[in-house]
Peer 1: 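The structure is given below, and queries will be raised subsequently.
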Number of protein chains: 2
Amino acid sequence: MMTIMIEVKPTLSQRREIAHMKVSREQMGENRRRILDAAGRLFRDRGFEAVTVAEVMREAGLTHGGFYGHFRSKDDLIAAALAELVVASEPGPLALPAFAARYLSPAHRDDPASGCPVAALASDTIRQAPEARATMTEGLRRQIARLTDGAAEPESARQAAIGSWAAMVGAMILARMSDDPALSDEVLAQTRAWIDRASPSTPAE
Amino acid sequence: MMTIMIEVKPTLSQRREIAHMKVSREQMGENRRRILDAAGRLFRDRGFEAVTVAEVMREAGLTHGGFYGHFRSKDDLIAAALAELVVASEPGPLALPAFAARYLSPAHRDDPASGCPVAALASDTIRQAPEARATMTEGLRRQIARLTDGAAEPESARQAAIGSWAAMVGAMILARMSDDPALSDEVLAQTRAWIDRASPSTPAE
DNA sequence: CTCTAAACATGATCGCTATCATGTAAAGCA
DNA sequence: TGCTTTACATGATAGCGATCATGTTTAGAG
C-alpha cells in the first residue's frame with residue numbers, strides 16, 4: 001500500500017505560452033496520467049471534498065475546462081484515482097515486521113500525499129460512490145494476500161495479516177490526528193512493537 | 001469511547017404551532033443540548049463536511065436562523081460537539097478482551113451515528129481546526145488511560161493498550177469501508193481474535 | 001404591570017464549486 | 001494539402017450552504 005513516491009513536476013511551461021490548441025493523442029494520454037497523479041496526491045493530502053476539480057487541473061498544468069473531456073464527473077475522477085493508487089502498488093509479498101517498520105514511520109505520517117491511500121482515504125471512501133468502495137475493498141483483499149504470502153500456517157497468518165494491517169491503518173490515523181508530537185510518535189512506536197511482539201518471527205523483508 | 005445511545009426524539013411539536021418566540025433560559029439550555037446531540041449523531045454518520053448547519057438545526061427541532069445565537073460558527077459547533085462526545089464517555093476502566101468484543105461487533109459497525117466518535121471522525125478531524133484536534137488528542141490520552149487502568153505491568157500494558165486500540169479503530173474503519181459483507185465481518189472477527197491472542201489474559205470486564 | 005433584551009423564525013446575501021457553452025487551433029485523415 | 005474533428009482554453013450558469021439582517025414575541029428585570 002505504501003505507494004512509491006513519483007516525482008512528477010510537469011513541464012507545463014511547454015504549454016504555457018500557447019493558447020487554444022489540440023494536442024496529440026500521446027499528449028492527451030500523458031495529460032490524463034498527470035490529472036490522475038495530481039488527483040491522487042491532492043486527495044490523499046486533503047480528502048475528496050476539500051479538493052476542487054479546478055485545483056486538480058491546475059496541478060496537472062491544465063485549466064478546468066478540459067476536465068470533462070477526460071472524466072464524466074468528479075466522482076468518476078475519484079474512482080479512477082483510487083483505482084490508480086490501489087493498482088499502482090506492486091503485488092509482491094510483504095514481510096510483516098519490516099513492512100510495519102516502514103509503514104509506521106514518522107516520515108510516512110508526515111507525508112500523506114505520497115503515502116498509503118488507505119490511511120489517508122479509507123474513511124472518506126466509506127461515504128463515496130459504490131465503485132470507489134469496491135476498488136478499496138479489492139485493495140484490502142490484495143493487501144491481505146500480500147501480507148500472508150509465503151506464510152507457513154495460512155490460518156494464523158491470515159489472522160496476523162488482518163490484525164496487524166488494521167493496527168497499522170488505525171495507528172497512522174491516530175498519529176496524524178494527534179496534535180501532541182510525543183504522543184503521535186509513541187502511537188507509531190508502540191504499535192510497531194506490539195505488531196513485532198505478536199508476529200511470528202520472520203526473517204528480514 | 002462507545003458512547004451510550006441516547007434516544008432524543010425531540011418534542012418539536014410543542015414548538016410547531018408557535019411562531020416567533022423567546023424561550024426560557026432553561027429551554028435555551030435544552031435547545032443547545034439538542035443541537036449538540038443532533039450534531040454529534042449527524043457528524044458521526046456522515047462526516048463534518050456533508051452535514052449542513054440547517055440540517056443540524058432541523059434535527060434539533062429549530063430553524064437555521066437561531067444557530068448563531070448558540071455557536072460562533074460551524075467550526076465552533078464541530079469543536080463543541082467533539083468535546084461533548086469525548087467527555088460524555090465515562091472514565092471507568094476498560095478490560096481489553098471484553099471491550100474489544102463489544103467494540104468490534106457488527107452492530108457497532110452498522111450504526112456509526114451512535115458509535116465511537118474516533119472510528120467515525122478521526123480522519124475528518126485531522127483536517128479540522130486546532131481546537132478539534134486537541135480535543136481528540138485528549139480523548140486518545142483518556143482512552144489509553146482507561147485501557148491500562150488496573151494493569152500489573154505498566155509498560156507492556158501501555159503497549160497493549162495502544163496497539164489494540166489502533167487495531168480496533170483501524171478494523172472498524174476497514175470493516176465500514178468494505179462493500180463485501182463477508183470480508184467486513186472477517187476483519188472484525190480476525191482483529192478481535194488477534195487482540196485476544198496478544199492480550200495478557202484478563203478476567204471478564 | 002411595563003419595558004427591554006433575548007431567542008428564535010424568516011428571508012436575504014455572497015462566495016464557492018461542479019458542470020456546461022462556446023471558441024480556437026492543431027492533429028490526423030483523406 | 002484541405003477538411004474535419006478534437007483537446008483544451010475561456011467564460012458562463014446554477015445550486016448549495018455558511019452567515020447575516022430583520023422582525024416578532026415573550027422571558028425576566030424593575
Side-chain angles (χ1 to χ4, degrees), chain A residues 10-36 38-39 42-43 46-81 128-129 132, chain B residues 10-36 38-39 42-43 46-81 128-129 132:
Chain A
T11 41
L12 44 148
S13 50
Q14 161 193 0
R15 199 180 301 90
R16 190 49 61 73
E17 63 239 87
I18 313 173
H20 309 314
M21 77 178 201
K22 179 185 176 181
V23 300
S24 71
R25 209 159 278 171
E26 183 188 13
Q27 256 293 337
M28 186 196 174
E30 190 187 325
N31 285 343
R32 181 192 165 90
R33 220 167 284 125
R34 258 210 268 270
I35 295 171
L36 282 175
L42 287 168
F43 285 154
R46 315 222 302 273
F48 298 130
E49 306 262 312
V51 175
T52 73
V53 168
E55 193 174 8
V56 171
M57 294 301 279
R58 208 177 307 133
E59 270 284 302
L62 303 172
T63 60
H64 65 278
F67 176 79
Y68 293 87
H70 290 278
F71 302 95
R72 226 186 296 265
S73 65
K74 185 181 177 184
D75 273 8
D76 188 22
L77 171 67
I78 290 174
Q128 217 52 40
Chain B
T11 40
L12 46 147
S13 51
Q14 160 193 359
R15 201 181 298 91
R16 189 51 59 75
E17 63 240 85
I18 314 171
H20 309 312
M21 76 176 200
K22 179 183 175 183
V23 300
S24 71
R25 209 160 277 172
E26 183 187 13
Q27 256 294 335
M28 187 196 176
E30 190 188 324
N31 285 344
R32 183 193 164 89
R33 222 168 283 127
R34 258 210 268 270
I35 295 172
L36 282 175
L42 287 169
F43 285 154
R46 314 221 305 272
F48 298 130
E49 305 262 313
V51 174
T52 73
V53 168
E55 193 175 5
V56 171
M57 294 301 279
R58 210 176 307 136
E59 270 285 303
L62 303 171
T63 60
H64 64 278
F67 176 78
Y68 293 87
H70 290 278
F71 302 95
R72 224 186 299 266
S73 64
K74 184 181 177 182
D75 273 9
D76 188 22
L77 171 67
I78 289 173
Q128 217 52 40

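Quantities reported herein were computed from a predicted structural model and do not represent experimental measurements. Below, read A as the first sequence line, B as the second, and so on, with proteins coming before strands; counting in each chain starts at 1. What you see below is based on every heavy atom in this structure, not just the backbone, and it leaves out hydrogens, waters and symmetry mates.
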Peer 1: Whole angstroms only, please: what is the CZ-P distance between B:Phe67 and C:dA12?
Peer 2: 22 Å
Peer 1: Kindly point out which of C:dT17, C:dT19, D:dA18 is positioned nearest to the side chain of A:Thr52?
Peer 2: C:dT17
Peer 1: Ignoring the backbone of A:Asn31, work out which of D:dC8, C:dG11, C:dT19 is nearest its side chain.
Peer 2: D:dC8
Peer 1: Restricting to non-hydrogen atoms, name the atom on B:Ser73 and the atom on B:Phe67 that form the minimum distance, rounded to 0.1 Å.
Peer 2: O-CZ, 3.7 Å
Peer 1: For B:His70 and C:dC8, is the shortest distance between a side-chain N/O and OP1 or OP2 below 4.0 Å?
Peer 2: yes
Peer 1: Without decimals, in angstroms, what is the distance between A:Tyr68 OH and C:dC20 P?
Peer 2: 7 Å
Peer 1: By nearest atom, which of the nucleotides D:dA18, C:dA7, D:dC8 is closest to the B:Met28 side chain?
Peer 2: C:dA7
Peer 1: Atom CE of B:Met57 and atom P of C:dA9: how far apart are they, to the nearest Å?
Peer 2: 7 Å
Peer 1: Taking atom P of D:dC8 as reference, at what distance in whole Å does atom CD1 of A:Ile35 sit?
Peer 2: 7 Å
Peer 1: Can you check the A:His64 NE2 to D:dG11 P distance for me, whole Å?
Peer 2: 9 Å
Peer 1: Counting heavy atoms from C-beta on, name the nucleotide in D:dA9, D:dA18, C:dT19 closest to the side chain of A:Lys74.
Peer 2: C:dT19
Peer 1: Touch check for B:Val56, heavy atoms < 4.0 angstrom, all strands: base, sugar-phosphate only, or nothing?
Peer 2: nothing
Peer 1: Looking at every non-hydrogen atom in both residues, tell me the closest pair between B:Met28 and B:Gly69 and how far apart they are.
Peer 2: CE-O, 4.1 Å
Peer 1: Grab the two heavy atoms, one from B:Gly66 and one from B:His70, that are nearest each other, plus how far apart they are.
Peer 2: O-CD2, 3.6 Å
Peer 1: Between B:Lys74 and B:Phe48, which heavy-atom pair has the shortest distance, and what is it?
Peer 2: NZ-O, 3.0 Å
Peer 1: Mind checking if B:Gly69 touches a base, just sugar-phosphate, or nothing, with heavy atoms under 4.0 Å?
Peer 2: nothing
Peer 1: D:dC16 P sits how many Å from A:Glu49 CD, rounded?
Peer 2: 15 Å
Peer 1: Roughly, in whole Å, what's the span from CZ in B:Arg46 to P in D:dG17?
Peer 2: 10 Å
Peer 1: Mind listing the closest non-hydrogen atom pair of B:Val56 and B:Leu42 along with its distance?
Peer 2: CA-CD1, 3.8 Å
Peer 1: Expressed in angstrom and rounded to an integer, what is the separation of B:Leu77 atom CG from D:dG17 atom C1'?
Peer 2: 14 Å
